[in-house]
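Encoded as structure tokens, the structure appears first; notes follow it.
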Amino acid sequence: MKEIDDLLEQLRSKTNEVNQLSDPVKTLKMQNETYQSQLQKFAHTTEKTTFSYKCLTGLCVENFDCLFACVDPYISAIIYPNCKTHQQRKLTKRTELMCFMTICRHTLHLGITGYMSGTSVSTQSRIFTAWAVFLSTLFDQLDLMLLGDCTENWIASPENFDISNATFSSYKNHDTGKTGIWITLYGSLVMCTDTYAGSISDNDLTADCGVLDMIQDERATALTDKRFGIEDLCHAKGLSHNHPPMKFEAQFEETDIAKKFDVATLRIYNENYIGRMRDWSILNTCWPKNRIDILRCVYKVLANIVNILFDPICAKEATTQSKSRELSHGATTPLSFLI
């Protein structure tokens, strides 16, 4: 009988302990539910932020942060055109960069970005111009170490006949601005040239931009489209020029077909590089004739962003070889919103 009483006493004691622990357990459960809810909200906010950056600027949060960190030490050099006051600016530099990238990505009217950021159209115009000039100038100073091609943008037809004659491109049958994009065989940028009048030939553009002077290895080869007749220019600098063979007879010979295939296989990297740049729709629209001066800046900015923040265009197996070789070679819709 005594043993039963002892067991009952132990049972009552354990029951009291369980009752005493039940309240802390309930408290911990409530705290756990609260933390889970906060975690879900944080994850949703992070996902929304990541989507917003990618959707607005074309860059994920990490790439945008990387870009801003690269230019942040030099931001004090930005000059805003026609800015009459020197007071503290309404937008932070980070927000200004986001506005610039958003305009480039979606070709937004400055009134829309001004409404989104609480600024005027004139302020957004100064921001866009200032960042375009600043980034293009900064990226020009990077020591980056040949596949070459040119891309053209439609521009509004000038009223002056002489200017229109200079900008008219027989290839596009429209007034254009022409820009040269030169990359290495491994997908890294060598040069994004200034934007020239559309009537300039690929040969003259290549000679004027000086890209061939950047090649330090005299055994190097420049691969271009067959429109580039730069053999003499390459030979004068000790370089070889390789391009698809011209068709002079009814059909290509077997050796010409093999050569054409080999060149095309490599030149597709250049086309893909330009395609990545044109993901920002600002390069796919007709530029107003009074803001052509900014076109070259936008091209250089986006070309360097693709080079710095995106994976190389080339085949994956070639990527691992590129670093050692570049080290050994010392590589280095109308735009009414801009009117």
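Quick note: numbers below take in every heavy atom, side chains included, and nothing from hydrogens, waters or symmetry partners.
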_Going by the rule side chain to side chain contact (heavy atoms under 4.5 Å, CB included), which residues pair with Cys234 if we only count those two or more places apart in sequence or in a different chain?_
Leu212, Ala222, Ile230, Leu239, His241
_Pairs satisfying salt bridge (Lys or Arg N to Asp or Glu O under 4.0 Å), at least one member in residues 119-130, at least two apart_ = none
_Contacts of Asp232 that satisfy side chain to side chain contact (heavy atoms under 4.5 Å, CB included) - sequence neighbours left out_ = none
*Just wondering, do Asp149 and Ile181 contact through their side chains at under 4.5 Å, heavy atoms?*
no
*asked:* Once salt bridge (charged side-chain N to carboxylate O under 4.0 Å, His left out) is applied, do any residues pair with Asp293, and if so which ones, sequence neighbours excluded?
replied: Arg291
Name the atoms and distances for all side-chain donor-acceptor pairs under 3.5 Å in residues 94-103, with sequence neighbours left out.
{"residue": "Arg94", "atom": "NH1", "partner": "Asp65", "partner atom": "OD1", "Å": "3.2"}
{"residue": "Arg94", "atom": "NH2", "partner": "Asp65", "partner atom": "OD1", "Å": "2.1"}
{"residue": "Thr95", "atom": "OG1", "partner": "Thr92", "partner atom": "OG1", "Å": "2.8"}
{"residue": "Glu96", "atom": "OE1", "partner": "Tyr80", "partner atom": "OH", "Å": "2.5"}
{"residue": "Glu96", "atom": "OE1", "partner": "Trp131", "partner atom": "NE1", "Å": "3.0"}
{"residue": "Glu96", "atom": "OE2", "partner": "Tyr80", "partner atom": "OH", "Å": "3.3"}
{"residue": "Glu96", "atom": "OE2", "partner": "Arg89", "partner atom": "NE", "Å": "3.0"}
{"residue": "Thr102", "atom": "OG1", "partner": "Met98", "partner atom": "O", "Å": "2.7"}

*What pairs of residues pass the salt bridge (Lys or Arg N to Asp or Glu O under 4.0 Å) test when at least one of them lies in residues 150-162, not counting sequence neighbours?*
none
*asked:* If the condition is ring pair (Phe, Tyr, Trp, His ring centres under 6.0 Å), which residues does Phe64 pass it with, not counting sequence neighbours?
replied: Tyr53
_Partners passing side chain to side chain contact (heavy atoms under 4.5 Å, CB included) against Arg276 (at least two apart in sequence or in another chain)_ = Val306, Phe310, Ile313
*State which residue, out of Asn153, Thr179, Thr195, fulfils the side-chain hydrogen bond (donor to acceptor under 3.5 Å, both in side chains) condition with Tyr299.*
Asn153
*How would you list, by chain and number, every residue that makes a salt bridge (charged side-chain N to carboxylate O under 4.0 Å, His left out) with Lys178, sequence neighbours excluded?*
Asp202
*Linking Ile, Leu, Val, Met, Phe, Trp and Tyr by side-chain heavy atoms under 4.5 Å, what else ends up with Leu205?*
Tyr196, Ile200
*List for me each residue that meets ring pair (Phe, Tyr, Trp, His ring centres under 6.0 Å) alongside Trp154, sequence neighbours excluded, and say none if there are none.*
His174
*Check salt bridge (charged side-chain N to carboxylate O under 4.0 Å, His left out) between Arg105 and all other residues, then give those that pass, not counting sequence neighbours.*
none
